[in-house]
Amino acid sequence: MNQRRRILRALALFAMPFVLSRRSRAQNGGAPEAGADEDPLAPLLWVKRPVIIFADDPGDPRLAHQLAELAREKAELEARDVVVIVDDRKPARRDQASALRRRFRPHGFTVIVLSKDGEVVKRHPDVMSAFDLMRLIDRLPRRLQEMGRG
């Protein structure tokens, strides 16, 4: 099975909202990307905990591995209000970058975990285990309040 097909299969298994790069969304029949000046994370503020996965190429094996890792703990991540956002296309020119790439300026494969208030909790340059992600989220003040421990 080719790399692209594995990624799409992981997306289907995960069944959580995904936002793909401009080119990938068009290829997959997705909705149009938000306007250049619009913050694509604004609708998620105080509602979800975004985990943004950047890859320079949709065939990056780390992207497939990361999505498979998260898919294994789908229910646990949903309970923590996690939404996964994938930007898998590095543009040829900086002025063509997605709003997320302009904001976070990733270098190669990068996983960025945000809190519900939109602050960066962690930047990770490699695949992050679902266990480590859940442990990180469970230590956040807002999550502690949600669990009745804060």
Side-chain angles (χ1 to χ4, degrees), residues 3-4 6-11 13-25 28 30 33-147 149-150:
Q3 196 68 17
R4 182 86 172 152
R6 270 187 276 183
I7 292 170
L8 292 174
R9 183 173 164 208
L11 289 173
L13 288 173
F14 204 39
M16 288 178 67
F18 281 89
V19 179
L20 303 177
S21 69
R22 212 172 306 137
R23 178 182 280 173
S24 296
R25 289 172 67 92
N28 294 314
E33 189 171 318
D37 295 332
E38 191 176 321
D39 181 2
L41 299 175
L44 304 175
L45 201 58
W46 299 108
V47 178
K48 297 288 184 181
R49 290 183 177 91
V51 173
I52 307 169
I53 305 168
F54 290 101
D56 290 346
D57 181 300
D60 187 328
R62 294 171 294 183
L63 176 59
H65 184 198
Q66 183 67 73
L67 292 173
E69 177 68 27
L70 297 177
R72 279 192 284 274
E73 297 295 337
K74 175 187 167 202
E76 291 293 325
L77 292 170
E78 285 178 341
R80 288 165 175 82
D81 296 326
V82 169
V83 62
V84 177
I85 301 169
V86 177
D87 186 326
D88 64 359
R89 295 287 179 165
K90 182 178 180 180
R93 296 185 354 220
R94 179 178 249 153
D95 64 336
Q96 296 172 331
S98 68
L100 292 174
R101 281 189 184 270
R102 286 192 309 273
R103 178 175 172 184
F104 295 107
R105 298 179 184 173
H107 299 285
F109 182 87
T110 306
V111 177
I112 298 178
V113 181
L114 302 177
S115 61
K116 283 189 175 182
D117 65 2
E119 293 298 314
V120 174
V121 176
K122 183 169 184 83
R123 291 179 75 101
H124 196 69
D126 204 0
V127 174
M128 189 172 187
S129 76
F131 176 78
D132 287 342
L133 176 60
M134 291 183 298
R135 190 172 58 180
L136 174 69
I137 289 170
D138 287 345
R139 291 190 314 243
L140 296 174
R142 176 113 175 142
R143 176 67 179 153
L144 291 171
Q145 288 175 345
E146 292 168 356
M147 294 186 302
R149 295 186 202 162

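Every heavy atom of this structure was used, including side-chain atoms; hydrogens, water molecules and symmetry mates were not. Here the structure is a predicted model, which is why all the values come from computation and not from measurement.
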- Message: Measuring only between side-chain heavy atoms, which start at C-beta, is Leu41 closer than 4.5 Å to Leu114?
- Response: yes
- Taking it one step at a time, do Trp46 and Arg142 satisfy side chain to side chain contact (heavy atoms under 4.5 Å, CB included)? CA-CA 10 Å; Trp46 299 108; Arg142 176 113 175 142; 4.3 Å; yes
- Supply the atom-to-atom distance Asp81 CG to Ser115 OG, rounded to the nearest 0.5 angstrom. 12.5 Å
- Task: Could you tell me whether the side chain of Gln66 and the main chain of Met128 form a donor-acceptor pair under 3.5 Å?
- Result: yes
- Message: Using 0.5 Å steps for rounding, measure from the CZ atom of Phe109 to the CG atom of Asp126.
- Response: 6.5 Å
- Item | Pairwise side-chain contact, Asp60 with Asp56, heavy-atom cut-off 4.5 Å (strictly under) | no
- Kindly say whether Ala130 contributes a backbone atom to a donor-acceptor pair with the side chain of Arg72 at under 3.5 angstrom? no
- Message: The criterion is salt bridge (charged side-chain N to carboxylate O under 4.0 Å, His left out); which residues satisfy it with Asp132, sequence neighbours excluded?
- Response: Arg135
- Message: Check this for me: Lys116, atom NZ, are more than 12 non-hydrogen atoms of other residues, nucleotides or ligands nearer than 6.0 Å?
- Response: yes
- Message: Can you give me the closest heavy-atom contact between Pro40 and Ala99, atom names plus distance?
- Response: CD-CB, 3.8 Å
- Task: Just do the side chain to side chain contact (heavy atoms under 4.5 Å, CB included) check on Leu133 and Val113 with the steps written out, would you?
- Result: CA-CA 8 Å; Leu133 176 60; Val113 181; 3.6 Å; yes
- Query: Say you draw a straight line from CG of Leu77 to CD of Glu69; how long is it, rounded to the nearest 0.5 Å?
  - Reply: 9.5 Å
- Do Arg139 and Leu144 come within less than 4.5 Å of each other through their side chains, counting heavy atoms only? no
- Query: Between Arg80 and Asp138, is a side chain to side chain contact (heavy atoms under 4.5 Å, CB included) present by the stated rule, with each step listed?
  - Reply: CA-CA 8 Å; Arg80 288 165 175 82; Asp138 287 345; 2.8 Å; yes
- Answer yes or no: is there a donor N or O on one side and an acceptor on the other, between the side chain of Arg143 and the main chain of Leu136, under 3.5 Å? no
- Item | Side chains of Asp88 and Ile53 in contact at under 4.5 Å (non-hydrogen atoms) | no
- Quick one: are Phe104 and Thr110 in side-chain contact, heavy atoms under 4.5 Å? no
- Query: Between atom CD1 of Ile137 and atom CD of Glu76, what is the distance when rounded to the nearest 0.5 Å?
  - Reply: 11.0 Å
- Task: To the nearest 0.5 Å, tell me how far Phe54 CZ sits from His107 NE2.
- Result: 11.0 Å
- Query: Between CD1 of Ile85 and CG of Leu44, what distance do you get to the nearest 0.5 Å?
  - Reply: 5.5 Å
- Query: Can you check whether Val111 reaches Val51 side chain to side chain, under 4.5 Å on heavy atoms?
  - Reply: yes
- Query: Taking only residues two or more places apart in sequence, or in another chain, which ones meet Arg123 in a salt bridge (charged side-chain N to carboxylate O under 4.0 Å, His left out)?
  - Reply: none
- Distance-only, no hydrogens or angles: does the Arg105 side chain make a donor-acceptor pair with backbone N or O of Arg101 under 3.5 Å? no
- With a 4.0 Å cut-off, would you call Asp57 and Arg89 a salt bridge? no
- Query: side-chain hydrogen bond (donor to acceptor under 3.5 Å, both in side chains) with Arg94: which residues, sequence neighbours excluded?
  - Reply: none
- Note on the structure: All heavy atoms of Gly118 vs all of Leu45, minimum pair found to be N-CD1, 3.7 Å
